[in-house]
Amino acid sequence: MADDAQDLSEVRQEKLRQIAALGLDPWGHRFDGATPIGDIRKLPAAPFDDAKPGPKVRAAGRVVRHRTGGKLQFLELWDQTGRVQLMVRVNKVSETDWKVVNLLDLGDLVGVDGEFGATKTGELTIQAEKLTFLAKSLEPHPKDTYGMGDLEYRLRHRYLDLVYTPDTLRRAHQRVRIVRTIRNHLDGLGYLEVETPTLHAIAGGAAARPFETHHNALDIPLFLRIALELPLKRLLVGGIEKVYEVGRVFRNEGISPRHNPEFTMLELYQAYGDYHTMMDLTEGLIVACVDALGGGRTIPYGEKSVAFEPPFQRAKYADLFREHVGCDMTDEVAVRAAARAEQIAADGKAHDVLVQELFEDLVEEKLAGPVFVYDYPASLCPLTKRKRDNPAVAERFELYVHGMELANAYTELNDPVLQEQTFRQQLAGLPADESMAKMDADFVRALRHGMPPAGGLGVGIDRLVMLLTNTPTIRDVILFPLLRPQG
RNA sequence: GAACCGGUAGCUCAGUCGGUAGAGCAGCGGUCUUUUAAACCGCUGGUCGUGGGUUCGAGUCCCACCCGGUUCACCA
C-alpha cells in the first residue's frame, strides 16, 4: 500500500523532472488576468471556426479530467466557479506546450490562453493556444466523480473534498452568506459588534466542561470560553445598549453529528428589552438568513421540510408539557410517576430536573417547528429573570426546529443579589466544572454597579447552517471538524 | 465514556463454507485530430487497520489495540 502510493507519486516526481527539463518551473509563478471559469462559461459560444475565431480567454485551475489521445486531447479545468473543457490540438500549440500536455496529471494546476467556443457536440470549450504550468501535484487525486465516498477520507483531505464534492464548496459559501446576513441585519438595527476574550479565568455562562490551559507569565490556569454571555453583559453595564459577538466557543465534551468541540455562537444583548423583544428579533434574523439563501422560505431538511414563515408558532413550556407528558409540570407525584414510566432514574434529582428530562424525552422530538417554547422552570435558568408574578418560572424561550434547539434567549437577570444566590444554589448540586452557574464574583460585582433590564439571545451558528443548508452532520458545515490526529 | 457497525490497490468496492488476493477507474506502454465516466489492446500495482492466537492453511475464526461511523450519555 505504501509501496504503491510511492509508485504513483514517483511517477509524478519523474514528470516534474521532465517539466523542469523543458525549462519550466514546476511550481509556477504569478499568473494575472485569468477570468473565473463560471464567467467564461457565460460568454457566447459559437462552434469553432478558423474563419470566425471566438473570444480570447485566459483561465487558471486544476486539471480534473484528461482524455488522452493522439494529436487531439481533451482536459477539464476546475476552479471554484466551475469547470470548462480544454481542447488541445497538436498544431495549435507550441512544441513545448504539447509536451506539457502529455505530462499533465490529474490534480496539476495550469493556466491556459485560448479561444472560447463550442465543440461539435456543443460542449463549452477553450481551445488552447498557450499553456502555463502553475503547480505540480505530487500525490494522486481521487478519480473525479468516483472518489470522495468515504467520510473519513473527505474530512482528512478537505482540500480535495472542496474540489471533488460540489456540495462542500457550496455549503462553505452558504455558511458565509448566513453569517454575513446576521451581521448586516444586526448592524442595521444598531447593534455594535465586539470581540471579547477567548481565555477566561472562570468559564461561565453555560453548563459545560471547559478546555483548560495555562498562562506562563502570570502562572495561572485559564479556560477557553464556553459562552460569550458574561463579558457581553458587562458591556451592557458599560452602556453599550445593543451589543453582539459572533465567536468560537469551546466545550470539552463528546463529538457527535451535532457536536464539535469548538463551534460558533452568536450572542446578542439589548438593554431595556426582554425575551419578547428577543422573540421578534430572532424571527426577523432567521427569516433574513433564509431569504439570503434565495431558496424560498420552505426549506427541505432530510425527509422533512421546514416553513420559515413568520410569525412562528409560540407555545408555553407548561402547556407543551401537559400535552405530551400528560400531567401538570408542577405536580410532583405525577411527574415522578411519568419519569418512572419513561425509565428515567429519579433518585436524588430535583423536581425541575425531572421535568426537563421528561420534556427532552417526550416533547422535543415532536416539535417540528419552527416554534418558540417559552417560560421555563426557573431553577434551570440561573442567569434568567423570573416572571414578576411567578418566581418559579423564568422568562426564557428556546426556538425548536425538528427537535433541534436553534436559539436560546431570556430576559437577563440583573439583580446582583439574586444572581449571587442562584450561582450558589447551582454550585451545590453539580461538580463545579459542569455547573451552568460558576460563581463569578467579578461578574456579580459588575451587576452591582447596575445593569439595565435587558433581553439576550444565543444562536448556535453551526446548527442554523445545518438546518438552512439541509446538512445532516455538523462535520459538513465546519471545514475542519476535530478528528483524532493520524500519522 | 458504553453498545453496535465498518477498515481489502491511489479512489470506489467485491471476496461464498477457512484453501493461490479480485473488478472498475486511476497509473504505465501502445492505437486514435471532436472526446464527454472517451474507446480499444497490453501491463503494473496489496504488510487485507495493527499485534497476538487457533489451524496443515486466516482477508475470512478468537483476543487485544488503533482509526472512523451510528446510537446512547452530555450539551448547542
Side-chain angles (χ1 to χ4, degrees), chain A residues 1-12 14-15 47-48 64-76 83 85-92 98 105-107 117-125 127 137-157 160 164 205-209 226-228 249-267 344-345 356-357 360-361 398-400 404-408 430-431 434 436 458-467 472-475 481 483-487:
Chain A
M1 160 188 184
D3 286 352
D4 194 57
Q6 214 170 25
D7 288 348
L8 289 173
S9 61
E10 263 169 19
V11 167
R12 285 165 181 256
E14 172 54 27
K15 289 181 181 174
F48 289 113
V64 292
R65 277 185 204 163
H66 194 177
R67 294 183 276 278
T68 59
K71 301 184 177 70
L72 169 69
Q73 304 200 16
F74 294 95
L75 302 127
E76 268 176 49
R83 295 171 173 228
Q85 177 170 264
L86 303 187
M87 179 168 66
V88 188
R89 302 166 74 175
V90 66
N91 58 352
K92 291 276 186 181
W98 186 251
D105 282 313
L106 297 182
T119 59
K120 277 182 187 171
T121 54
E123 179 76 24
L124 300 183
T125 299
Q127 184 168 201
S137 168
L138 289 175
E139 294 294 331
H141 283 229
K143 167 63 176 165
D144 166 44
T145 72
Y146 279 27
M148 314 314 288
D150 181 67
L151 179 60
E152 181 178 4
Y153 184 87
R154 291 202 294 113
L155 296 181
R156 292 195 191 277
H157 304 80
L160 296 178
Y164 297 104
R209 214 165 311 196
I226 59 173
L228 314 176
V249 299
F250 307 84
R251 298 189 183 177
N252 205 341
E253 303 283 352
I255 296 174
S256 87
R258 285 165 300 282
H259 301 82
N260 193 61
E262 53 179 309
F263 61 101
T264 303
M265 289 257 303
L266 160 71
E267 286 197 31
I344 295 170
Q356 176 64 9
E357 289 187 14
E360 284 167 2
D361 280 10
E398 294 199 24
L399 174 63
Y400 282 92
M404 208 146 71
E405 298 158 37
L406 259 199
N408 180 20
L430 282 168
E434 288 177 41
M436 171 137 184
V459 178
I461 297 296
D462 312 87
R463 289 189 177 174
L464 177 65
V465 175
M466 284 170 69
L467 260 166
T473 168
I474 198 169
R475 297 179 186 94
L483 290 179
R484 197 178 287 271
Q486 224 174 30

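All chains are named by letter (A, B, ...) in the order of the sequence lines, taking the proteins before the strands, and each is independently numbered beginning at 1. Model, not experiment: these values are computed from the prediction.
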Checklist entry - Whole-Å distance between G27(B) P and Leu8(A) CG? => result 9 Å
Item to check | Proximity to the side chain of Thr119(A) - top-ranked nucleotide from U34(B), A73(B), G69(B) | outcome: U34(B)
Checklist entry - Can you name the closest pair of heavy atoms from Ser9(A) and Glu139(A) and give their distance? => result CB-OE2, 4.3 Å
Item to check | Candidates U70(B), U35(B), U33(B) - which lies nearest the side chain of Arg89(A) | outcome: U33(B)
Checklist entry - Looking across every strand, which nucleic acid part, if any, lies under 4.0 Å from Asn91(A) by heavy atom: base, sugar-phosphate, or nothing? => result base
Checklist entry - Is there a side-chain polar atom (N or O) of Arg67(A) under 4.0 Å from OP1 or OP2 of U35(B)? => result no
Next on the checklist: Is any side-chain heavy atom of Leu72(A) closer than 4.5 Å to one of Arg89(A)?
Outcome noted: yes
Checklist entry - Hey, does Val90(A) reach any base, or is it just sugar-phosphate, or nothing, if we go heavy atoms under 4.0 Å? => result base
Next on the checklist: What contact category does Gly70(A) fall into here, base, sugar-phosphate, or nothing, at under 4.0 angstrom with non-hydrogen atoms?
Outcome noted: base
Checklist entry - Nearest-Å distance, CZ (Arg65(A)) to C1' (C25(B))? => result 12 Å
Next on the checklist: Quick one, Arg258(A) and Met466(A) - any side-chain contact, counting heavy atoms below 4.5 Å?
Outcome noted: yes
Checklist entry - Using atom P of each nucleotide, how far apart are C74(B) and G51(B) to the nearest Å? => result 39 Å
Checklist entry - Mind checking the P distance from G30(B) to G68(B)? Whole angstroms is fine. => result 44 Å
Item to check | Contact summary for Ala208(A) and Ile226(A), nearest pair of heavy atoms | outcome: O-CD1, 3.7 Å
Checklist entry - Quick one: is Lys15(A) getting a side-chain N or O under 4.0 Å of the C28(B) phosphate, OP1 or OP2? => result yes
Checklist entry - Going by heavy atoms in the side chains, are Arg65(A) and Gln85(A) under 4.5 Å from each other? => result no
Checklist outcome for this item: Judged by nearest nucleotide, the residue sitting upstream toward the 5' end of RNA chain B, Ala407(A) or Gln127(A), is Gln127(A)
Checklist entry - What pair of heavy atoms forms the shortest contact from Pro481(A) to Arg475(A), and how long is it? => result CG-O, 3.7 Å
Checklist entry - Which whole-number value in Å describes the distance from His66(A) NE2 to A38(B) P? => result 11 Å
Item to check | G6(B) versus U16(B) - spacing of their P atoms, nearest Å | outcome: 13 Å
Checklist entry - Does Gln73(A) make a side-chain donor-acceptor contact with the base of U33(B), cut-off 3.5 Å? => result no
Checklist entry - Quantified in whole Å, what is the P atom distance between nucleotide C65(B) and nucleotide A2(B)? => result 10 Å
Checklist entry - How would you label the contact of Tyr153(A) with the nucleic acid (heavy atoms, under 4.0 Å): base, sugar-phosphate, or nothing? => result sugar-phosphate
Next on the checklist: C67(B), OP1 or OP2 - any side-chain N/O from Arg484(A) closer than 4.0 Å?
Outcome noted: yes
Next on the checklist: Checking contacts here: which listed nucleotide (G69(B), C11(B), U34(B)) is nearest the side-chain heavy atoms of Leu155(A)?
Outcome noted: G69(B)
Next on the checklist: Over all strands shown, is Arg258(A) touching base, sugar-phosphate only, or nothing at heavy-atom distances under 4.0 angstrom?
Outcome noted: base
Item to check | G42(B) versus U35(B) - spacing of their P atoms, nearest Å | outcome: 24 Å
Item to check | Given U34(B), U35(B), C67(B), the nucleotide with the shortest approach to the side chain of Glu123(A) | outcome: U35(B)
Checklist outcome for this item: Those stems involving RNA chain B that have three or more consecutive Watson-Crick or G-U pairs, both distances under 3.5 Å, are B:1-7 with B:66-72, B:10-13 with B:22-25, B:27-31 with B:39-43, B:49-53 with B:61-65
Next on the checklist: Would you say Arg475(A) places a side-chain N or O within less than 4.0 Å of OP1 or OP2 belonging to G68(B)?
Outcome noted: no
Item to check | Side-chain donor/acceptor of Arg209(A) to backbone N/O of Asn252(A), under 3.5 Å | outcome: no
Item to check | Separation of G10(B) P from His157(A) NE2 (nearest whole Å) | outcome: 12 Å
Item to check | Whole-Å gap separating C1' (U34(B)) and CG (Leu75(A)) | outcome: 14 Å
Checklist entry - Looking for any heavy atom pair under 4.0 Å, which part of the strands does Asn260(A) touch: base, sugar-phosphate only, or nothing? => result base
Next on the checklist: What's the closest nucleotide to the side chain of Asp150(A) if the choices are U12(B), U34(B), C67(B)?
Outcome noted: U12(B)
Item to check | Spacing between Glu139(A) atom CD and C11(B) atom C1', to the nearest angstrom | outcome: 13 Å
Checklist entry - With rounding to whole Å, what would you report as the distance between C25(B) and A21(B) at their P atoms? => result 24 Å
Checklist entry - How about Val64(A) and His141(A): do any of their side-chain heavy atoms sit closer than 4.5 Å? => result no
Checklist entry - So, is Arg156(A) near the phosphate of G68(B), with a side-chain N or O under 4.0 Å from OP1 or OP2? => result yes
Checklist entry - A9(B) and G59(B): how far apart are their P atoms, nearest whole angstrom? => result 14 Å
Checklist entry - Between C66(B) and G49(B), how far is it from one C1' atom to the other, in whole Å? => result 7 Å
Checklist entry - Nearest-Å distance, CD (Glu152(A)) to P (C5(B))? => result 19 Å
Next on the checklist: Could you check whether any side-chain heavy atom of Thr264(A) comes within less than 4.5 Å of a side-chain heavy atom of Asp462(A), counting everything from C-beta outward?
Outcome noted: yes
Checklist entry - Ignoring hydrogens and geometry, is there a side-chain-to-backbone donor-acceptor pair from Thr125(A) to Gln127(A) under 3.5 Å? => result no
Checklist outcome for this item: Out of U35(B), U33(B), G27(B), minimum distance to the side chain of Lys71(A) belongs to U33(B)
Item to check | Integer-rounded Å distance: C13(B) C1' and Leu151(A) CG | outcome: 17 Å
